[in-house]
Number of protein chains: 2
Amino acid sequence: MPQPTPPYRLTPQRAAVREVVWEARDHPTAREIYLRVKARQPGIGFATVYRTLSLLVEHGAILELRLGDVARYDANVSPHDHVRCTACGVIADINVPLPASATQRAAHDSGFDVDGYELQLLGRCATCRTSSGGR
Amino acid sequence: MPQPTPPYRLTPQRAAVREVVWEARDHPTAREIYLRVKARQPGIGFATVYRTLSLLVEHGAILELRLGDVARYDANVSPHDHVRCTACGVIADINVPLPASATQRAAHDSGFDVDGYELQLLGRCATCRTSSGGR
DNA sequence: GTCCCTGCAAAAGTTTTGCATTGCG
DNA sequence: CGCAATGCAAAACTTTTGCAGGGAC
C-alpha cells in the first residue's frame with residue numbers, strides 16, 4: 001500500500017514516530033516507541049508521541065492492539081491475528097483461517113451486527129520452551 | 001462444576017465479591033464490582049476487592065478479561081468467546097466454532113506451543129443498531 | 001495573522017503496594 | 001500467640017488534557 005500524502009502535517013516528530021513503528025517488528029508499547037523516538041529526536045515529549053499515535057491510528061496508518069494491559073502498536077494494518085508468549089510476552093503475527101461466516105453467524109445469534117474481530121492465541125514461544133526445559 | 005472447599009479462607013468480604021461476580025451477567029469492571037459489593041459490605045475497601053479478584057482468578061473461580069482498556073470479570077470459566085458493541089460497550093458471551101487444529105497449526109508455524117486463545121468479535125448490538133438508526 | 005503543533009506539567013483513571021490493625025485458628 | 005486478611009492511604013503506571021510558546025502557511 002503506497003502512502004498517500006497525509007491529510008495532516010508530517011512534522012519531524014510525527015515522521016519519526018511513524019518510522020519507528022514501521023521499522024518495529026515487536027509490537028512496541030507507547031512508552032517503548034517514545035524511548036526509541038527520543039533517540040532520534042531528543043527533545044520530544046510524551047504527549048506528542050501519544051497524540052501522534054492516536055493520529056496515525058485514526059488515519060489507518062498503524063494499528064492499535066489491546067492485547068494485554070497496555071496498548072501496543074502494529075505497522076501491519078492488514079487483517080491478521082496474533083500469538084503471545086505467556087512466559088516472555090513476545091507477540092508474533094499469524095493468520096488463522098477463520099471463515100467470516102463463522103463469526104458472523106455466531107454473533108448474529110446474539111443480535112449483533114459484526115464488523116470484525118480480534119483473535120489472540122496464547123502459548124509459549126520457541127525460545128521460552130527450550131530455555132526453561134520441559135514445562 | 002461443584003465448588004470445592006477453597007484452599008483460601010472464605011471471609012465475608014471474599015464471599016461477597018465472589019457472589020457479586022457470579023450473579024453478574026454484564027462482565028463488570030473491578031470498580032463496578034467494588035460498588036456492588038459495597039452495597040452489602042459497606043466497610044469494604046478497594047484493595048480488598050482487587051486482591052480478592054486476583055485470588056479468585058488465580059484459583060480459576062472466575063475469569064479476567066482484557067477486552068478494552070480495563071479489566072473485566074466473568075463468572076463463566078468454561079471456554080467461550082465474546083462480542084462487544086463498539087457503540088455502547090456491552091459485552092455478550094458467544095461461542096464461535098473454531099477448531100483447535102486451526103489455531104494449533106497456525107501458531108505452530110511460528111514456533112509456538114499453543115495453550116488456548118481469546119476471540120473477541122466487534123460489532124453493534126441490537127439496541128444500538130435500532131436506536132441510532134441506520135449507521 | 002492565524003492556526004496547528006509542540007513540550008512541559010498536571011490531571012485522571014486503574015491497579016498495586018505499604019503498613020498498622022483486626023480477628024480468626 | 002501467630003499469621004493471614006482487612007482498610008486506609010499513598011504509590012506506580014498508563015493515558016489524557018490544559019496551556020503557553022513557536023513555527024508553518
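Each chain gets a letter, A, B and so on, in the order the sequences are listed, and its residues count up from 1.
- In R25(A), the CZ atom is not crowded: 12 or fewer heavy atoms of neighbouring residues, nucleotides or ligands sit closer than 6.0 Å.
- Between R9(B) and dC24(C) there is no side-chain N or O to OP1 or OP2 distance below 4.0 Å.
- Taking only side-chain atoms of S54(A), from C-beta outward, the nucleotide of dT17(C), dT14(D), dT16(D) with the closest atom is dT16(D).
- Rounded to an integer number of Å, the gap from L35(A) CG to dT14(D) C1' is 13 Å.
- Side-chain nitrogen and oxygen atoms of Q13(B) include at least one within less than 4.0 Å of the OP1 or OP2 phosphate oxygen of dG7(D).
- Comparing atom distances between the V70(A) side chain and each of dT15(D), dT15(C), dG7(D) picks out dT15(D) as nearest.
- Along DNA chain D, the nucleotide nearest P12(B) and the nucleotide nearest R51(A) are compared for position; the residue whose nucleotide lies closer to the 5' end is P12(B).
- Judged by distance alone, with hydrogens and angles left aside, the side-chain atoms of T130(B) form a donor-acceptor pair with the main-chain N or O of A126(B) at under 3.5 Å.
- Contact between the side-chain N/O atoms of R14(A) and the OP1/OP2 oxygens of dT6(C) is found at a separation under 4.0 Å.
- The side chain of A47(B) lies closest to dT17(C) when the candidates are dT17(C), dT14(D), dG7(C).
- Distance F46(A) CZ to dT15(D) C1': 10 Å, rounded to the nearest Å.
- In this structure, OH of Y34(B) is placed 13 Å from C1' of dT6(D), rounded to the nearest angstrom.
- Computed from coordinates, the R72(A) CZ to dC13(D) P distance equals 16 Å when rounded to whole Å.
- No donor-acceptor distance shorter than 3.5 angstrom exists from the side chain of R124(A) to the backbone of C85(A), with no hydrogens or angles considered.
- Here the P atom of nucleotide dA12(C) and the CG atom of D69(B) are 17 Å apart, to the nearest Å.
- Regarding contacts with the backbone of dA4(D), every side-chain N or O of T11(B) stays at 4.0 angstrom or more from both OP1 and OP2.
- Distance, E32(A) CD to dT15(D) C1': 15 Å, rounded to whole Å.
- For the OP1/OP2 pair of dC5(C) and a distance below 4.0 Å, the side-chain nitrogens and oxygens of T48(A) include no atom meeting the criterion.
- Protein atom OH of Y50(A) is 13 Å distant from nucleotide atom P of dT17(D), rounded to whole Å.
- Between L10(B) atom CG and dA4(D) atom P there is a gap of 17 Å when expressed in whole angstrom units.
- Under the 4.0 Å criterion applied to side-chain N and carboxylate O atoms, R36(A) and D26(A) are assigned as salt-bridge partners.
- Without hydrogens or angle criteria, H80(A) side chain to S78(A) main chain gives a donor-acceptor distance under 3.5 Å.
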